[in-house]
*Asks:* 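Pasting a structure below so you can have a look.
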Amino acid sequence: MSRFFKNAIVYSSANLVAQCCKVAQEFVLRRLLPPEAIGVWNLAVVTQSFVATFDIGVIEGAFRDLPILEGAGNREEATRARATSLRTKLVQAALLGLCILFYALAFRRDAPPLILAAFAAGALLHGGHAVTDSLILFLQSAQRYLSLSRALLASSFLSAILLPIGALAGGVPGLLAAGVCALLAQGALLLLSARREELRLNGPWDTGLFKKFVGFGLPLRIVDYPQQLFGIADVMIITRFLGLEALAIYATAKTILAQAVEVPARLGTVFITRLFNQTGADRSRADLAAELMRYLIVTYLLVIPLLVCSVMAVVTFAVSQVIPRYASSLPVLQTLLFAVYFMPQTTIIRNFWMLDRRLIAIGASNLASIAGLGASFAVAVALLGKTLTAIALAMVAGYAFFFLYLMASIGREIWGARRTLELCALVALSVGWTALVVRAASAGVGAPGLAGGARAMALALARCVVLLAPLGLFAAWRTRLFDYLPRRRRAN
C-alpha cells in the first residue's frame, strides 16, 4: 500500500497543479476573446469528443489487460500489447479525422470559414488524443506515475502559455492552431517519458492481442456508448437550441467541472490500476472490495467536499475579478460541481464488472443512466424552461441516478446491502452538508475590488475547512486513517 499512497499523492498533486494551469488558461482566453469566439473553440473540442465515441475499443481492452499483464510479470506480452494498441489507435484516428473533414466539406461548405476551421482543428485534436491517450495508458498500467506526472505537468504549463499567445496573436484561428500544437507537444513529452521508463512501443503486431482487445473493447464501447453520449448531451442540446454564446457560458462552468473532477479521477486511476495489477497477482476479491470501501469513504467525505467548496470560492473570486462578463456561469457551476459525487470517474466501482468482462451488466447500467438523464431533462425543462440552470440540474440528477443504480447492483453484490446503504447514506449526508457549506462560505467572495475580494476568498476558504472538518474527521475515524498511515510509515 505504501506504493499506492506514493503514486496517489504524486499523481494527484501534479494533476492539481495542472488543473490550476488549465483553469487559469481558460480565464485568460475568456479575457482575451468574446463568448462567441470561445464558442468556436468549444465547437472544435465538442467535435473531437463526439467523433471519439466511434472508437473501436482497443484502448479499453488494453486498459483492462495491460495492468494485469504487468502484475503477472509478463513483460514480453505487455510490449506486444502496447505496440498493437498504439498502431491501431493511429490508423483509426486517421480514418475518423478524414470523416470529420468529409462532413465539413460535404455538408457544411456554406458555413463561415471559422466554423470549417473548427472542424479541421477537431480532426487534428482527435489524432493528437490518439497518441496522448495511448501513452498515458501505458505509463499508468506500468504504474510509472512519477514520470507521467512530470510530463503532464510540463505539458499543462506549455498549454497555458501557448493557447493565450495564439489567441492574442491570431484570434480564433491562432487559438485553434495553438491548441493543436500544445496537444502535439504533450504527445512528445509523454513519448520521452515512456522511453525513459523503458516501456517499449516497437514490439511486433500481435493479431491475437488485437482480436482480444477488440473482442472486449468494441462490445464495451457499444454498451458504453450511452455513457459517451451522456457526457456530451448537455453541450449538444445547448449548441442546438441556445446558440454559441450560451455554449460559451455553459462551457466555462463545465470546463471548471472537468478540471475539478480530475482530482478524484486521478486518485481513482491509481486505485484502478492497482486493482487490476493486484488481480493479476491473485489478490482476493474481498480484500480489494474492502480497500475500495475505505477509499470511497475518504473520497466522498473528505476529498470531494473540500474540492467543491474551495473550487467555488476561488472561481467566484476569479470570475468577478478577471472575466466579469462570464458571471452568469457561476450559478451553473454551483449546480454542476455536485456532479463530481456521482460521475463515473469518481464512482469507480463498475471496474469490478470490467474485470469479470460483464458487458451486459455495464450496458444495462448505461441504459438506465440515459433513461434517468432523459427523465431529468424532461422534468427540469418543464419546471424551469430551456435554461442553462435547468440543463445543469438535469445533468446532476442523471449522474445521481447512475450512481444509485450502480450501488443497487454491483455495490450490493460486493459489499452486501447493509454496507452499500451505509455508503449511500454517507454520500447523501456529504452532499447536503457540502451544499450548506458552499452557500455559507462563498458569501461575499464576488465583492468588488481586488483586495476586498481576495480577503473574502481567504475567509471563505478558512470557513470551508472549519465547517467541513467534522466530515473529514469522521472519514478518518471510520477508515482508521490516523492509525493506518503512521503504521505504514514505520513499516517502511
Side-chain angles (χ1 to χ4, degrees), residues 5-31 41-42 45 48-49 125 128-167 175 178-194 196-197 231 251-273 299 303-304 306-308 310-315 318-319 322 333 336-337 340 343 345-346 348:
F5 281 117
K6 179 181 177 181
N7 287 337
I9 291 171
V10 168
Y11 196 37
S12 58
S13 298
N15 174 71
L16 181 61
V17 176
Q19 300 316 311
C20 290
C21 290
K22 176 70 173 176
V23 172
Q25 165 195 304
E26 294 298 324
F27 274 87
V28 173
L29 290 177
R30 282 156 175 77
R31 182 75 174 180
W41 165 248
N42 293 142
V45 176
Q48 182 273 323
S49 300
L125 289 173
H129 276 289
V131 177
T132 59
D133 292 349
S134 299
L135 294 171
I136 289 171
L137 168 63
F138 301 157
L139 289 162
Q140 288 173 344
S141 62
Q143 300 192 68
R144 303 297 196 271
Y145 285 102
L146 181 58
S147 292
L148 175 57
S149 298
R150 288 171 177 166
L152 293 179
L153 196 57
S155 63
S156 68
F157 281 119
L158 188 59
S159 177
I161 295 171
L162 284 179
L163 268 68
I165 290 176
L175 174 60
V180 173
C181 290
L183 187 60
L184 294 177
Q186 183 186 69
L189 290 170
L190 289 168
L191 182 60
L192 289 174
S193 297
R196 189 181 301 116
E197 294 293 342
T252 301
K254 190 160 185 181
T255 297
I256 296 169
L257 169 66
Q259 308 315 311
V261 78
E262 283 295 305
V263 175
R266 300 295 186 182
L267 291 171
T269 297
V270 177
F271 186 90
I272 291 168
T273 53
T299 299
V303 176
I304 295 180
L306 283 172
L307 178 70
V308 169
S310 59
V311 166
M312 197 64 218
V314 172
V315 171
V319 168
V322 182
L333 176 63
L336 276 179
L337 278 175
V340 175
M343 296 174 78
Q345 297 97 313
T346 307
I348 59 176

*Asks:* Under 3.5 Å, is there a donor-acceptor pair between the side chain of Thr346 and the main chain of Val340?
*Replies:*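 Confirmed, Thr346 side chain pairs with Val340 backbone.
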*Asks:* Out of curiosity, Arg150 CZ to Ser193 OG, how far, rounded to the nearest 0.5 Å?
*Replies:*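 One finds 8.5 Å between CZ of Arg150 and OG of Ser193.
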*Asks:* Can you tell if the side chain of Thr269 reaches within under 4.5 Å of the side chain of Tyr145, non-hydrogen atoms only?
*Replies:*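 Contact flag for Thr269/Tyr145 side chains = yes.
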*Asks:* Roughly how far, to the nearest 0.5 Å, is the CD atom of Glu262 from the CG atom of Leu257?
*Replies:* 10.0 Å
*Asks:* Does Ile304 form a side-chain contact (heavy atoms from CB on, under 4.5 Å) with Val263? I'd like the steps, not just the answer.
*Replies:* CA-CA 9 Å; Ile304 295 180; Val263 175; over 6 Å; no
*Asks:* Hey, does Ile161 have a side-chain heavy atom less than 4.5 Å from the side chain of Gln25?
*Replies:* no
*Asks:* When rounded to the nearest 0.5 angstrom, what is the spacing between CG in Leu192 and CD in Glu197?
*Replies:*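 The distance works out to 12.0 Å.
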*Asks:* Please examine the side chains of Leu152 and Ile136, heavy atoms only from C-beta on, and report whether any two atoms are closer than 4.5 Å.
*Replies:* yes
*Asks:* Under the side chain to side chain contact (heavy atoms under 4.5 Å, CB included) test against Gln186, which residue among Leu158, Thr132, Leu191, Leu135 passes?
*Replies:* Thr132
*Asks:* Would Leu183 and Gln48 count as a side-chain contact (heavy atoms from CB on, under 4.5 Å) if you check the C-alpha gap in whole Å, the side-chain angles of each, and the deciding distance to 0.1 Å?
*Replies:* CA-CA 13 Å; Leu183 187 60; Gln48 182 273 323; over 6 Å; no
*Asks:* Using 0.5 Å steps for rounding, measure from the CG atom of Leu148 to the CG atom of Leu189.
*Replies:* 11.5 Å
*Asks:* Report yes if some heavy atom in the side chain of Phe27 is under 4.5 Å from a heavy atom in the side chain of Thr252; otherwise report no.
*Replies:*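 They are not in side-chain contact.
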*Asks:* Do Glu26 and Thr255 have side-chain atoms, one donor and one acceptor, less than 3.5 Å apart?
*Replies:*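 No.
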*Asks:* Any chance you could measure Arg266, atom CZ, to Gln140, atom CD, to the nearest 0.5 Å?
*Replies:* 7.0 Å
